[in-house]
Amino acid sequence: MASATETPVAPAPVPETPNAANNAKQPPAIICVGMAGSGKTTFMQRLNAHLHTASEPPYILNLDPAVRTLPFSVNIDIRDSINYKEVMSTYNLGPNGGIMTCLNLFATKVDQVVGILETRANAGDISRILVDTPGQIECFVWSASGAILLDSIASSFPTVVAYIVDTPRTASPSTFMANMVYACSILYKTKLPMIIVFNKTDVHDADFAKEWMTDFEAFQAALQEAENSKDDDGTGSGGYMGSLLNSMSLMLDEFYKTLSVVGVSAMTGQGIDDFLAAVDEKVMEYNSDYLPELVRMQEEKKKQRQAEKEKELERMMADLEVEKDKKKKGKKSTEEEEVGGVEAEVLSDFEEGSEEGEGIVERDEDEPPVGEDEEGLQDRYARALNERGGNQEEQWADVVRQTMG
Ligand SMILES: Nc1nc2c(ncn2[C@@H]2O[C@H](COP(=O)(O)OP(=O)(O)OP(=O)(O)O)[C@@H](O)[C@H]2O)c(=O)[nH]1
């Protein structure tokens with residue numbers, strides 16, 4: 001079976017270094033992630049209706065290729081450019097592989113998508129960008145293409161992740177903890193400001209969750225109670241599970257401090273204003289904490305790429321030099337062959353350890369006797385000096401020029 005990774009994955013586009021001042025003025029992008037059935041689509045529908053009523057129309061982006069129908073109109077839809085069923089059958093993929101492959105294909109168009117968003121944002125006719133994502137969170141958050149899409153949006157717009165939680169199904173300490181660990185992993189992966197949205201509060205109030213997140217002892221008490229009985233999953237939390245949850249809740253205490261928490265009902269619209277207030281708060285956090293870090297990281301990447309380019313150039317130049325040297329050497333050895341081998345002649349003049357001369361090279365008959373040549377040169381200097389007037393230094397310079405030249 002072909003794997004999703006065999007299909008083209010977008011070469012990580014290099015988002016332009018974000019302009020901090022410009023980014024701060026852009027409308028916020030809200031990325032809705034959450035487990036299947038948590039109510040992402042219904043939440044987006046409610047948010048869309050709410051913003052339209054307030055005459056602040058959002059711009060909607062759907063990144064879920066597998067969704068059949070959406071109860072609101074979408075401005076950019078992954079399904080318009082990629083057919084999920086066709087991708088599955090072409091590449092012989094299962095549902096998750098199909099989603100990942102669609103995202104991979106769509107990520108190759110991310111520049112166009114961000115370009116469209118920027119044009120609309122600059123025209124000033126959108127208040128927020130809402131992004132719906134597949135319920136299979138890992139297909140989006142942990143995939144290369146998901147990261148490319150997120151990074152590209154986040155480098156152009158103040159971006160906030162809204163993690164939607166199905167509140168009634170999170171009422172037991174163990175499922176609550178599992179959800180929080182998942183949220184923590186998303187925060188760790190995206191490094192974006194996050195809002196935990198406890199949805200379906202019309203069915204189950206989210207106060208218990210807020211309490212567990214702020215009061216460690218309250219969570220411990222709930223844990224103890226679950227240990228003593230069977231929790232609503234019928235699994236219980238006794239034994240090692242209890243102590244594991246205990247330690248995890250301690251660890252997550254720090255994580256909770258970085259979050260905004262709101263309870264909403266996508267069905268009734270309750271809590272939507274609180275959510276929008278939390279978005280404004282997180283946009284401030286994006287501008288103060290995330291953006292400078294993003295700029296720093298992208299500057300670093302740019303430098304790294306520049307250094308790599310320079311290294312590549314150096315290597316290329318070195319290769320060229322080697323080629324040149326090789327050519328020169330080739331030429332020289334041909335010349336040497338032509339003149340009968342200069343090196344061979346030199347070696348024959350210095351017959352090391354030979355019986356006749358013990359390493360002393362005998363001079364040819366036509367060579368002047370040793371020392372005569374040097375004396376001749378000195379004589380010539382002296383003669384020239386005597387022939388010239390002027391001070392000694394000038395004379396000497398002239399002589400040197402004459403004799404050497
Ligand atoms: N009572 C109640 N039900 C809700 C609420 N929000 C969503 N639901 C229901 O939860 C179910 C799942 O909602 P969706 O919006 O499709 O959830 P989703 O997260 O988009 O699902 P996937 O696209 O499959 O990941 C639907 O039956 C909704 O009607 C809510 O606030 N209250």
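Keep in mind that this is a model prediction, so the values were computed, not measured.
Applying the side-chain hydrogen bond (donor to acceptor under 3.5 Å, both in side chains) test to every pair with at least one member in residues 50-65, sequence neighbours left out, gives these pairs: Asn48-His52, His50-Asp273, Glu56-Arg128, Asn62-Asp77.
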Decide side-chain contact (heavy atoms from CB on, under 4.5 Å) for Ile186 and Lys189; before the verdict, give the C-alpha distance in whole Å, the side-chain angles of both, and the deciding distance to 0.1 Å. CA-CA 5 Å; Ile186 294 171; Lys189 179 74 175 71; 5.7 Å; no
Going through the distances and angles, do Val87 and Ile82 end up as a side-chain contact (heavy atoms from CB on, under 4.5 Å)? CA-CA 8 Å; Val87 166; Ile82 296 146; 3.6 Å; yes
For Ile116 and Ile76, what are the C-alpha separation, side-chain angles and deciding distance, and is it a side-chain contact (heavy atoms from CB on, under 4.5 Å)? CA-CA 9 Å; Ile116 294 170; Ile76 300 177; 4.0 Å; yes
Determine, step by step, whether Val74 and Asp80 satisfy the side-chain contact (heavy atoms from CB on, under 4.5 Å) criterion, reporting the C-alpha distance in whole Å, the side-chain angles of both residues, the deciding distance to 0.1 Å, and the verdict. CA-CA 10 Å; Val74 177; Asp80 291 342; over 6 Å; no
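Residues Thr190 and Val33 form no side-chain contact, since every pair of their non-hydrogen atoms from C-beta on lies 4.5 Å or further apart. Counting only heavy atoms from C-beta outward, the side chains of Thr41 and Leu70 approach each other to under 4.5 Å. Side-chain contact between Gln270 and Val264: absent, with no pair of heavy atoms (C-beta onward) separated by less than 4.5 Å. Contact of the Met100 side chain with the Phe140 side chain is not registered, since no non-hydrogen atoms from C-beta on lie closer than 4.5 Å. Side chains of Ser152 and Val110 form a contact here, defined as non-hydrogen atoms less than 4.5 Å apart. A heavy-atom distance below 4.5 Å is found between the side chains of Leu294 and Ser155. Between Ser185 and Trp142, some side-chain heavy-atom pair lies under the 4.5 Å cut-off. Taking 4.5 Å as the limit, every side-chain heavy atom of Val161 sits out of range of all side-chain heavy atoms of Pro193.
Distance check, rounded to the nearest 0.5 Å: OG1 of Thr133 to CE of Met44 gives 8.5 Å. The line from CD1 of Ile78 to CG of Leu105 is 8.5 Å long, rounded to the nearest 0.5 Å. We find the OG-CZ distance between Ser81 and Phe106 to be 5.0 Å, quoted to the nearest 0.5 Å. How far CD1 of Ile195 is from CG of Asp274: 11.0 Å, rounded to the nearest 0.5 Å. Met180 CE to Trp212 CH2: the interatomic distance, rounded to the nearest 0.5 Å, is 10.0 Å. The distance from atom CD of Glu217 to atom CG of Asp215, rounded to the nearest 0.5 Å, is 6.0 Å.
In this structure, Leu103 and Pro134 approach most closely via the heavy-atom pair CD1-CG, 4.4 Å. Between Met213 and Tyr256 the shortest heavy-atom distance is O-CD1, 3.3 Å. Closest heavy-atom contact between Ala278 and Ser260: CB-CB, 4.2 Å. Of all heavy-atom pairs spanning Val131 and Leu63, the tightest one is CG1-CD1, 3.6 Å. When all heavy atoms of Ser145 and Asn104 are compared, the closest pair comes out as OG-OD1, 2.8 Å. Residues Leu117 and Ile126 come closest through the heavy atom pair O-CD1, 4.3 Å.
Checked by atom type, the side-chain pair Asp202/Thr268 shows no donor-acceptor distance below 3.5 Å. For the residue pair Glu138 and Ser143, no side-chain donor N or O sits within less than 3.5 Å of a side-chain acceptor on the partner. Checked by atom type, the side-chain pair Ser172/Thr175 shows a donor-acceptor distance below 3.5 Å.
Taking the six-membered ring wherever Trp is involved, the centroid distance between the rings of Phe255 and Tyr188 does not fall below 6.0 Å.
Residues satisfying the salt bridge (Lys or Arg N to Asp or Glu O under 4.0 Å) criterion with Lys282, sequence neighbours excluded, are Glu285. In terms of the salt bridge (Lys or Arg N to Asp or Glu O under 4.0 Å) criterion, residue partners of Lys257 (sequence neighbours excluded) are, by chain and number, Glu254. Under the ring pair (Phe, Tyr, Trp, His ring centres under 6.0 Å) criterion, Phe198 pairs with no residue at all, not counting sequence neighbours. Residues meeting the salt bridge (Lys or Arg N to Asp or Glu O under 4.0 Å) test with Arg296, sequence neighbours left out: Glu293, Glu300. Every residue two or more places apart in sequence or in another chain that forms a salt bridge (Lys or Arg N to Asp or Glu O under 4.0 Å) with Arg315 is listed here: Glu312.
Relative ring orientation between Phe219 and Phe176 is described as tilted, the plane-to-plane angle lying within the 30° to 60° band.
Between the side chain of Tyr286 and the backbone N or O of Ala154 there is at least one donor-acceptor pair closer than 3.5 Å. At least one donor-acceptor pair under 3.5 Å links the side chain of Asn199 to the backbone N or O of Ala266. Looking at Ser156, its side chain never comes within 3.5 Å of a backbone N or O of Ile153 through a donor-acceptor pair. A donor-acceptor pair under 3.5 Å is absent between the side-chain atoms of Thr167 and the main chain of Thr201, judged by distance alone. Side-chain atoms of Asn122 come within 3.5 Å of backbone atoms of Glu118 as a donor-acceptor pair (strictly under, hydrogens ignored). At distances below 3.5 Å, not a single donor-acceptor pair connects side-chain atoms of Arg79 with backbone N or O atoms of Tyr84. The backbone N or O of Asp166 lies less than 3.5 Å from no partner atom in the side chain of Lys200, so there is not a single donor-acceptor pair.
At most 12 heavy atoms of other shown residues, nucleotides or ligands fall within 6.0 angstrom of atom CE in Met284.
Of the candidates Lys309, Lys301, Lys303, Lys301 is the only one forming a side chain to side chain contact (heavy atoms under 4.5 Å, CB included) with Arg305. A side chain to side chain contact (heavy atoms under 4.5 Å, CB included) with Tyr163 holds for exactly one of Val197, Ile31, Leu187, Asn179; it is Asn179.
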